[in-house]
2 protein chains.
Amino acid sequence: MTKNSNPEWTGFEHLKEDKLFPADLKYSIKNYPKNNLILRQGDLCDALYILMSGSVKTEMITENGNLLGIEIINAPRPLAPAFLFSGNNRFPVDVTTLEDVEILKIPKKEVVRLMTTQPDFMQQFLTHNANRTQFLTNRLQLLSIKTIKGKIAHFLLEQTNEHGSTFTLNRNQTELADFFGVARPSLARSLSEMIQDGIIRIDKKEYTVLNKKKLRDFLV
Amino acid sequence: MTKNSNPEWTGFEHLKEDKLFPADLKYSIKNYPKNNLILRQGDLCDALYILMSGSVKTEMITENGNLLGIEIINAPRPLAPAFLFSGNNRFPVDVTTLEDVEILKIPKKEVVRLMTTQPDFMQQFLTHNANRTQFLTNRLQLLSIKTIKGKIAHFLLEQTNEHGSTFTLNRNQTELADFFGVARPSLARSLSEMIQDGIIRIDKKEYTVLNKKKLRDFLV
DNA sequence: TTGTGAGTGTAACAATTGTTACACTTTAAA
DNA sequence: TTTAAAGTGTAACAATTGTTACACTCACAA
C-alpha cells in the first residue's frame, strides 16, 4: 500500500497497521487501468470505496451538459463516503482514473460495524466528511462569485495566503476555466487584462501576485 | 419541545424520550428573539447547536458582498453539525432567527461521548450530514447551470417531479433570484418570456408547468 | 377609505461573458 | 531533430445578464 501522505484520512491505515482491523471484515479489491470511468454520477452507492493507490479525478456534469471540474484525488482517500449514509445514496460525481488504481470496497454493513467498534475509524470518518463539507462550501462560495476576475482574485488570494505571493499551479488554463465554470477564452482575457494592469504575473505554471490590494478590490 | 416533524433528525429526540440521554450530559439552552443574527460566518464552531423551536434562515455572504440565500431551517434540527469536526471549525454561513428560537448547545467533547456511547445518535448524525452534503451538491449543480432559464427549468422540474405539475412557492421573486444567484429583473424577464412562450404559468405564488418537454430543452 | 410599503412587470442601456476562429508556442513522442 | 498534439493569446462578434429607473398592483394597517 502507498505510504499515507494525506493527513485527511489516516484512519484506515492506522487500523491495519495496529492490527485493529477485524480479521473477518468483508471487503474486495479492484484494479482499474488508466483513463477509465469507474463510477458514474447517479450510480448506487452501497459500499465505501477507498482509493488505495493511484489517482482519480471527479467531475460533475451539469444538466446542460457542461463539465464542472471538481477535484483530483490522490491515494489513499475514500471516494464520496458521505453518500453512503444519505437518503438516496447515489454518487454525486463521475470518477475517472488518471493512472492505474487500486480500490478497496467495503460493504455498508461492514462500515457500520467498523464505525461502532473502532472509535478511531469513526473519528476519521467524521473529520473527513466535515472537511468534504467544507470543501463543497468553498466551492459554492467560489461559484457564487459572478465575475471572472472576482473568481480569479478569490482563488489567487486563497493560494497565496499561506505560501507567499508565488505558487505553482498544477492545472492548465482549460482546467482552471472548468474549475471556475467559465469559458477558456474568457478566462484568458481576464488573466491577460490583470497582467496588463500589473496585478499578477504568469510564467508558465508559476503564478505571482504583484498587487494584493488591487486583487482584493475585485471582491468588493 | 416541539414535536418532531423533520425526518432528517430524530436522533436527539429519540434519546430523550427513551431516557437514553446521559443524566450527566453537559449542555446549555439559549433563547433568542426574532430577527436576530445569532451565528456569523467565520465564527468558531466548538459545540453542537440544535435548533429546538422556531425557525432560522442561513445565508452565505460571498466575498463580493452579494447574498446567496441558502435555506430556511425549522426546528428541530442541528445547525451545521458537520463543521464541528472539520479542520478549521468555523461556521460557513450566517444564521438569523425568523421567529423566537430556543437553541440547545452541546460541547464538542460531549458530542464525541454521545457518539461513541449512543449508536442511534451516531447513525442520525451520519445520515444528517450525508443529506447535508447532498443538499450542497444539489446547490452546486444549480449554481453551475449558467443560463437563468436553465436554472428555472432545473428548479421547476425538481419541484414538479413529485407533486404533479403545479406547486406553491413560498418565496417571492427577490428571494428566488437570490437563490439562483441572479439579479431580480433578469429573473423576471426570463420568467415572463417563458410565460409568453406558453411553457409555464404563474398565478401569485402558484407555479404551473405547462410544457415539461420545452422546459427540459433548456437543460440541453 | 386611504396611504404606505412590499412585490412585481418591464424598458433602455451598459457590462460582461460566450462563441468561434485562427495564429502562435510549448511539450512530448517518434 | 522533427512532428503532432496540446496549450495559449487574442480578436470580432453574438448572446446573455446586470443596472437603473419607474409604473403598477396588492395587502394591510392607520
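A note on names: the letters A, B, ... follow the listed sequences, proteins ahead of strands, and every chain is numbered from 1.
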Visitor: What contact category does A/Lys151 fall into here, base, sugar-phosphate, or nothing, at under 4.0 angstrom with non-hydrogen atoms?
Guide: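 No contact.
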Visitor: Nearest whole Å is fine: how far is D/dT17 C1' from B/Leu191 CG?
Guide: 14 Å
Visitor: For D/dT16, take OP1 and OP2 only and decide whether either is under 4.0 Å from a side-chain N or O of B/Thr147.
Guide: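 Checking D/dT16 against B/Thr147, no side-chain N or O comes under 4.0 Å of OP1 or OP2.
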Visitor: Would you mind reporting whether A/Ile103 and A/Leu79 have side-chain heavy atoms less than 4.5 Å apart?
Guide: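 Yes; the side chains approach each other to less than 4.5 Å.
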Visitor: For A/Ile148, which contact category applies under a 4.0 Å heavy-atom criterion: base, sugar-phosphate, or nothing?
Guide: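 The residue A/Ile148 makes sugar-phosphate contact but no base contact.
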Visitor: Evaluate the ring planes of B/Phe167 and B/Tyr207, with Trp represented by its six-membered ring, and classify them as parallel (under 30°), tilted (30 to 60°) or perpendicular (over 60°).
Guide: parallel
Visitor: Contact class for A/Ser192 (heavy atom, under 4.0 Å): base, sugar-phosphate, or nothing?
Guide: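 Sugar-phosphate: the residue A/Ser192, judged by heavy atoms under 4.0 Å, touches backbone atoms but no base.
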Visitor: Please state how far atom CZ in A/Phe218 lies from atom P in C/dT16, giving the value in whole angstrom units.
Guide: 10 Å
Visitor: To the nearest 10°, let me know how far the axis at one end of the helix from C/dT1-D/dA30 to C/dA30-D/dT1 is tilted from the axis at the other, five pairs an end.
Guide: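 Computed angle between terminal axes is 40°.
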Visitor: Name the closest nucleotide to the B/Gln173 side chain, picking from C/dT19, D/dG9, C/dG9.
Guide: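 The answer is C/dG9, which lies nearest to the side chain.
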Visitor: Measure from the side chain of A/Arg184, starting at C-beta and using heavy atoms only, and say which of D/dT17, D/dG9, C/dT10 lies closest.
Guide: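 Shortest atom-to-atom distance from the side chain points to D/dG9.
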Visitor: Is there a donor and acceptor pair, one atom on the side chain of B/Arg171 and one on the base of C/dG7, closer than 3.5 Å?
Guide: no
Visitor: Please test B/Gln41 against B/Phe91 for side chain to side chain contact (heavy atoms under 4.5 Å, CB included), starting from the C-alpha separation and ending with a verdict.
Guide: CA-CA 5 Å; B/Gln41 191 169 350; B/Phe91 264 87; 5.9 Å; no
Visitor: To the nearest Å, how far apart are A/Leu187 CG and C/dT20 P?
Guide: 18 Å
Visitor: Is the distance from OP1 or OP2 of D/dA27 to the nearest side-chain N or O of B/Lys204 less than 4.0 Å?
Guide: yes
Visitor: How long is the line joining CZ of A/Arg189 and P of D/dA12, in whole Å?
Guide: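 That distance rounds to 12 Å.
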Visitor: I want to check something: taking the side chain as every heavy atom from C-beta on, are B/Leu51 and B/Tyr49 in contact at a cut-off of under 4.5 Å?
Guide: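 In short, these two side chains do not touch, never coming nearer than 4.5 Å.
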Visitor: What integer distance in Å separates A/Asn170:CG from D/dG7:P?
Guide: 13 Å
Visitor: Of the listed nucleotides (C/dT17, D/dA21, C/dT8), which one gets closest to any side-chain atom of A/Ser190?
Guide: C/dT17
Visitor: For the pair made of CD1 in B/Ile202 and P in C/dT8, what is the distance, rounded to whole Å?
Guide: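 Rounded to whole Å, this separation is 9 Å.
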Visitor: Rounded to the Å, how far apart are B/Met194 CE and D/dT16 P?
Guide: 13 Å
Visitor: OP1 or OP2 of D/dG7 less than 4.0 angstrom from a side-chain nitrogen or oxygen of A/Thr174, does that happen here?
Guide: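 No, no such contact exists.
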Visitor: To the nearest Å, how far apart are A/Asp203 CG and C/dT26 C1'?
Guide: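 Roughly 13 Å, once rounded to whole Å.
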Visitor: Measuring from the side chain of A/Asn172 (C-beta onward, heavy atoms only), which nucleotide among C/dA21, D/dG7, C/dG18 has the closest atom?
Guide: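 Minimum distance to the A/Asn172 side chain belongs to D/dG7.
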Visitor: Kindly check if the number of other-residue, nucleotide or ligand heavy atoms within 6.0 Å of NZ (A/Lys108) is above 12?
Guide: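 Yes, the 6.0 Å shell around NZ holds more than 12 heavy atoms from other groups.
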Visitor: Assess whether side chain to side chain contact (heavy atoms under 4.5 Å, CB included) is satisfied between A/Asp100 and A/Asn31, documenting all intermediate values.
Guide: CA-CA 7 Å; A/Asp100 292 0; A/Asn31 289 283; over 6 Å; no
Visitor: Do A/Pro33 and A/Thr97 come within less than 4.5 Å of each other through their side chains, counting heavy atoms only?
Guide: no
Visitor: Answer yes or no: is there a side-chain heavy-atom contact under 4.5 Å between A/Phe218 and A/Thr147?
Guide: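 A/Phe218 does not reach A/Thr147 side chain to side chain.
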